[in-house]
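Okay, structure first, notes after.
Computation of the quantities below employed the complete heavy-atom set of this structure, encompassing side-chain atoms and omitting hydrogens, waters and symmetry-equivalent molecules. Sequence positions, counted from 1, serve as the residue numbers for this chain.
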Amino acid sequence: MAPTPVRRALLAAAGLAALAPAAGCADVEGPRAHGSPGRLRAPLSLWAGTSPAPPPPGREPGGPARVPVPAVPSGDMRDADALAVVRADIAAAGRADEGRGVLVDPRAVRLMAACAAAACPVRPPVHHDLTGDGRAELITAVDIDGRLSELRVYTVENAAVTRVLSRRAVLEGTQVAAGHLTVREPTSNPAYVSVSEYVWDGREMRLGGLMLDQCPALKRTRSPCPRGGT
């Protein structure tokens with residue numbers, strides 16, 4: 001019996017499907033969401049010909065900036081007043097930012113301007129050599145609302161206190177190892193945390209690595225997350 005038009009169409013479709021792997025169009029198993037397999041797709045670029053203007057000088061979020069506090073001739077941040085450094089930095093960033101929230105959260109500016117020394121929402125200072133010069137940097141953070149924080153790292157350059165890292169983040173965990181600063185943040189999937197690693201590049205603390213890790217939160221376990229663990 002000769003195939004009907006419908007059967008001929010089905011046979012043709014089956015033939016095209018069989019040729020798909022040879023043409024490089026085969027479906028592959030992609031990321032899984034809620035246990036279901038996904039498909040890898042090429043990204044679709046929107047408005048490729050349009051890009052924003054670069055930020056004005058001094059408004060690059062996270063970039064190095066001098067802090068208007070007294071000089072530190074020793075080059076060691078342990079010889080500086082940590083609270084005074086943070087207060088001056090947040091105030092200066094707020095003035096430069098003009099309330100835009102790019103350089104610093106405006107709430108942090110208001111909190112630091114209004115607080116008395118003992119009541120300021122600044123985390124205890126941590127001093128650690130992140131630049132490899134044998135002198136300590138200052139690592140601290142301003143807690144904004146019980147969840148979000150402004151992470152700050154300061155060093156001394158030619159006796160001047162300089163901020164070399166600023167990062168607004170939910171600090172699920174923060175670690176220092178081998179001169180690297182690692183920041184762990186929650187993601188929308190409670191099984192994973194985002195891990196950002198910052199390293200000294202000779203001028204500032206730069207993002208050197210970004211990954212997802214699967215583990216309990218450090219603040220609850222007080223121990224490193226096992227790779228590939230649950």
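The backbone N or O of Thr131 sits less than 3.5 Å from a side-chain atom of Asp129, completing a donor-acceptor pair. Panel note: side chain Asp143, backbone Gly146; no donor-acceptor pair is recorded below 3.5 Å. Here the side chain of Asp97 pairs a donor or acceptor atom with the backbone of Leu103 at under 3.5 angstrom. Between the side chain of Asn158 and the backbone N or O of Ala160, no donor-acceptor pair lies under 3.5 Å.
The stretch residues 145-181 participates, sequence neighbours left out, in no disulfide (SG to SG under 2.5 Å) pair at all. Among residue pairs with one or both ends in residues 95-188, those qualifying as disulfide (SG to SG under 2.5 Å) are Cys115-Cys120; sequence neighbours excluded.
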Derivation of the side-chain contact (heavy atoms from CB on, under 4.5 Å) call for Val142 and Arg152:
CA-CA 8 Å; Val142 177; Arg152 292 291 195 270; 5.7 Å; no
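With sequence neighbours left out, Arg87 forms a salt bridge (charged side-chain N to carboxylate O under 4.0 Å, His left out) with no residue at all. Under the rule for a salt bridge (charged side-chain N to carboxylate O under 4.0 Å, His left out), Arg203 has no partner lying at least two apart in sequence or in another chain. Residues forming a salt bridge (charged side-chain N to carboxylate O under 4.0 Å, His left out) with Glu137 (at least two apart in sequence, or on another chain): none. In this structure Arg167 satisfies the side chain to side chain donor-acceptor pair (under 3.5 Å) test together with Glu185, Tyr198, sequence neighbours excluded.
A donor-acceptor pair shorter than 3.5 Å cannot be found between the side chains of Asp76 and Ser74.
Contact of the Val126 side chain with the Thr174 side chain is not registered, since no non-hydrogen atoms from C-beta on lie closer than 4.5 Å.
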